[in-house]
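A short write-up of the structure that comes next.
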Amino acid sequence: MTDSVTPTPVGEPSTGYEPAVVERKWQARWHERKANSPDIANAKRPYYSLMMFPYPSAEGLHVGNLFAFTGCDIHGRFQRLLGHSVFEPFGYDAFGIHSENYAIKIGVHPGELIPKNIDNFRRQVLKTGLMIDWSHELSTTDPKYYKWTQWVFLQLYKAGLAYKKKAAVNWCPFDKTVLANEQVIAGACERCGTMVEQRFLEQWFFRITDYAERLLKNLDHLDWSESTKTAQRNWIGKSEGAEITFVVQDMMEFAGSAMVSEGSGEVTSSTVEIRVFTTRPDTIFGATYLVLSPEHPLVHSITTDEQRREVNAYVDQAGKQDLVTRKSTKEKTGVFTGAFATNPATHELIPIWIADYVLMEYGTGAIMAVPGHDARDHEFALKFDLPIIQVVAGAAPFDVKTEAFVETEGCHLIHSGKFNGLSIEDGKSAIINELAQHYAGRAVVNYRLHDWCISRQRYWGPPIPILYCEQCGVVPVPEDQLPVVLPHIDDFRPDDSGISPLARHEEWYVTKCPTCGGEARRETDVSDTFLDSAWYFLRYPNSDRDDVPFDRATMNKWLPVSTYIGGNEHAVLHLLYSRFTTMVLHDAGLLGFEEPYARFRAHGLIVREGAKMSKSKGNVVNPDEYIESWGADSFRTYLMFLGPYEEGGDFRDKGISGVKRFLDRLWRSVQDARRDGSADVDVTRKLHQTIKKVGEDIPRLSYNTAIAAMMEYMNTMRSGERTPHLDEVRPLVQMVSPFAPHIAEELWEQLGGEHSVFDSGWPAFDAALLVEDTMEMPVQVSGKRRGAIMVAKDVTQADALAAAMSEPGIAKFVIGEPKKIVFVPGRLLNIVV
RNA sequence: GCGAGAGUGGCGAAAUUGGCAGACGCACCAGACUUAGGAUCUGGCGCCGCAAGGCUUAGGGGUUCGAGUCCCCUCUCUCGCACCA
């Protein structure tokens, strides 16, 4: 009893609850007892409760972080009460451009800044009393961790899923550096204001598009928030359509030869073909021109001499635009190439244009324009006076000259030769079939998902474990030579070389080829932070192993993650990348499952007094201050009470006092509890109803209503200044424990509980006790409530009606014979007049 | 523009299947106990009305004995994606 809190003496006002004392005591105890470290190897009922690890910013923990963590912690603690061995690890996503930019801004090396930030985060997290197994803490910047991040890269490389290609990046010609899309503001560099250009650099990519179909299909079977699944589906962006070949008119032989001859798959050597992708092959009879992206490889070969000057100017100017402006909606621009192609359906010649509204990175980089039925093509056709033909019609007349007709439901084809009258769906397949017979088209599936660009010309990340040898070419670093340690360099800023800062350090990048022993050069790009976080959940359980990244038996025991909780901002990229990585490791035979997270829930966002929190507004909640003055238990419980967890809520400064009052009343209830006599019947019924409700609310993350239910029970238990019985109080302490673990532990100990409240099990409710035998039944007259009657729960319609009619307040509204009686047993009575 | 979600008292919010709208909490009002109250306890608290009663879940329409909940239309807000053919 050396470190216990002195109980308040009987007779004095029992205000003896001092959060700071209680919380310090139990945090120390949990630490001494290793209370939060499950037996990874031998746990009988493993439960992996995962929260998204944070980026350890210099500002310290944001209240949004705590909202996320606490929600996960409550879920985990509840599982623990249900008898699971819960593994709830914590770590830091500390590499990346975010840390690096901040370090540059304040002029400190990230290698010095990050450990300080991590210490601060750990201190703050410890104070909130999360059930974290600190023996498995990790940071992505630790060479012992990123050694295995590099290993993951090598597994992808071995599987043929990592490759290098040139890709467009935003380039600031003044700063001479690559910019991320979010660093481009209105087409200009956010730092110096210079207009940004696109540039092509060699980049490493992962072939995530090879997994597009699987990533999409598996979503159907995952227990995830529906909104998250929708976001992933949209991101993958599957569209089914057709690839159609248009033959460019041979300019030397002007007459007829460019037409596709019936049944001939052969093309003459002088024939140039343009392949387009469309989701609307049914509208091919309305395709009145073609458009190529300015980057399309055929642009220069098809352009006529007369048009060449104009085309070159347009292509040049398009290449100078930054990627952000290029991709945002603006007025249509374009230029005619002078060339024509044959529409394989109509056999008519249609002009070929170039316009930057067609993107090289989607489909084939070329489209057939159907201005009658596509808004973008329509806008373009109006501007350049190109023909607009209607080939789809609905019931009502429509003028496609003024607007594109995009409806398909209940519509049919017109002006489409032998396909006239077909529905859109039938038209699609019939036209694809017809084109296929003439080798002019085929059904094709396209995804908007692009391959994952993982290289960064930056410093603060794990070096990509690749060498370039003059003799052997691209050589992966042998696994036994990992990690490739990120060297501590002082000039870590990106500068006018435009390549990775590591490329300025010959002493680092010059090395020997492991294959031939000759001179080799290291890859000087580092990898994307998303790669660090794409596999961290695999590392946690085995973070104590140096010989392997993870061990198969442990993985099978603990994974997939039982419940993963995190923010919506990662609903797409992080979750998609970690799913992909897991699939690849599964396919390599390294994991026995291919989906990493069995259950995922996204929490909402917290605002303060109705306004978004931001540093510039100075309205950011500092968790330290609140924990200091109210205690972690009140802070945690309040965060969970202020709104529905999955929607977020409004942090109102005064609101926390209500929760603190509730915990104070809980404390006093334990101090004053009667031990003599027995519990009250009505209170006991309420208790069992509450146990049921809270036990149902917590698993579905409905924390605000669970807390409300406990408050309601508290009001019942103490109503009219009655002194609660011990048996009425004890289960409440258990129910409160996931939310307010410190006070619950303390009170549990005061109640004579052994060891820890979290070993006490979740209280059971007795279904027989839940229902009352009498009830107040509402009585409606013609659907309007006019009163209520006290009746037995199983009252018959006749008895209920008689009771209702004997109430003058009700009977006076029943004028004449009732037309109909609606009686819902045990619910209500409605007399329709 | 497309996609997702939301709109309920002074405020944050409840309302598993269509069945007493506003639980729980904040704020506010009154009272008790107090030398004192930013403690505690009791009661009140959607709007209009002295009352009987009427009105009320963004707005309009519909289905139903009965709609916050289901259907149609309109408006507003938040968050994603953003020329993806």
Side-chain angles (χ1 to χ4, degrees), chain A residues 13-15 225-231 233-235 237 239 241 276-280 283 291 324 326-330 332 355-359 361-370 373-377 379-380 446-450 568-569 571-572 604-605 607 609-610 612 638 641-644 646-659 661-662 664-665 668 693 696-697 700 702 704-715 718-721 776-788 818-824 826-833:
Chain A
S14 37
T15 50
S225 322
E226 218 33 62
S227 60
T228 310
K229 290 206 237 180
T230 307
R233 287 191 185 106
N234 291 344
W235 190 262
S239 23
V276 304
F277 174 72
T278 179
T279 52
R280 296 293 305 278
T283 62
V291 188
V324 179
R326 171 70 189 283
K327 285 189 165 192
S328 62
T329 314
K330 51 161 188 174
K332 297 278 179 290
D356 65 0
Y357 81 93
V358 174
L359 309 173
E361 60 280 13
Y362 185 75
T364 59
I367 62 156
M368 63 174 208
V370 184
H373 304 283
D374 181 281
R376 297 153 301 182
D377 297 344
E379 190 191 336
F380 192 82
N446 246 309
Y447 300 91
R448 58 188 307 176
L449 179 70
H450 290 8
N568 251 323
E569 67 276 18
V572 176
L605 228 69
V607 299
E609 308 285 345
K612 215 177 204 170
Y638 178 55
F641 184 59
L642 52 71
E646 288 173 85
E647 284 164 44
D650 192 356
F651 189 100
R652 297 173 72 257
D653 290 359
K654 284 182 173 160
I656 193 171
S657 60
V659 167
R661 259 196 280 274
F662 169 68
D664 283 344
R665 300 220 294 166
R668 266 180 277 126
K693 168 128 182 87
E696 286 167 354
D697 281 354
R700 57 191 183 97
S702 187
N704 56 334
T705 54
I707 295 164
M710 289 189 283
M711 287 172 162
E712 220 176 300
Y713 173 60
M714 174 78 80
N715 291 343
R718 297 179 64 91
S719 73
E721 295 186 74
E776 194 190 59
M777 178 174 279
V779 179
Q780 300 180 335
V781 179
S782 297
K784 201 166 263 284
R785 187 183 197 270
R786 294 301 182 180
K819 281 200 206 116
K820 186 177 175 183
I821 306 294
V822 179
F823 179 67
V824 186
R827 264 262 141 84
L828 59 50
L829 176 68
N830 186 8
I831 304 164
V832 186
V833 293

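Residue numbering restarts at 1 for every chain, and letters A, B, ... go by the order of the sequence lines.
B:G3 is paired with B:C79 under the Watson-Crick or G-U wobble criterion, all donor-acceptor distances under 3.5 Å. Using N1 to N3 plus N6-O4 or O6-N4 for Watson-Crick, or N1-O2 and O6-N3 for G-U wobble, each under 3.5 Å, B:U8 pairs with nothing. Nucleotide B:G43 forms a pair with B:C29, judged by Watson-Crick or G-U wobble geometry with both contacts under 3.5 Å. Remark: B:G19 base-pairs with B:C65; criterion is Watson-Crick or G-U wobble with both hydrogen-bond distances under 3.5 Å.
Separation of the P atoms belonging to B:A85 and B:C77 is 28 Å when rounded to the nearest angstrom. B:U69 and B:U16 have their P atoms separated by 13 Å, with the value rounded to a whole Å. The same atom, C1', is picked in B:A23 and in B:U8; the two are 13 Å apart, to the nearest Å. Distance noted for atom C1' between B:G68 and B:A6: 13 Å (whole Å).
Atom OH of A:Y713 and atom P of B:A14 are 24 Å apart (whole Å). Here B:G54 presents its P atom at 13 Å from CZ of A:R785, a figure rounded to the nearest Å. Here B:G1 presents its P atom at 14 Å from NZ of A:K332, a figure rounded to the nearest Å.
When the side-chain nitrogen and oxygen atoms of A:R668 are compared with OP1 and OP2 of B:A39, none of them lie within a distance under 4.0 Å. An OP1 or OP2 oxygen of B:C26 is reached within less than 4.0 angstrom by a side-chain nitrogen or oxygen of A:R661. Under 4.0 angstrom from either OP1 or OP2 of B:C65 there lies at least one side-chain N or O belonging to A:K820. For the pair A:K612 and B:C79, the criterion of a side-chain N or O lying under 4.0 Å from OP1 or OP2 is met. Look at A:R665 and you'll find a side-chain N or O under 4.0 angstrom from OP1 or OP2 of B:C41.
Side-chain proximity of A:V832 to the nucleotides B:C65, B:A4, B:C20 is greatest for B:C65. Distances were taken from every side-chain heavy atom of A:V358 (C-beta onward) to each of B:C20, B:G19, B:A85; the shortest belongs to B:A85. Of the candidates B:G19, B:C24, B:C26, the closest approach to any side-chain atom of A:V822 belongs to B:G19. In the set B:U16, B:G12, B:G19, B:G12 carries the atom at the smallest distance from any side-chain atom of A:F641.
Heavy atoms of A:I367 sit under 4.0 angstrom from at least one base atom.
Residue A:D374 holds its CG atom at 7.0 Å from CD1 of A:I367, rounded to the nearest 0.5 Å. Between the CZ atom of A:F651 and the CD1 atom of A:I656 there is a distance of 5.5 Å, given to the nearest 0.5 Å.
If A:E696 and A:N715 are placed on RNA chain B by their nearest nucleotide, the residue sitting closer to the 5' end is A:E696.
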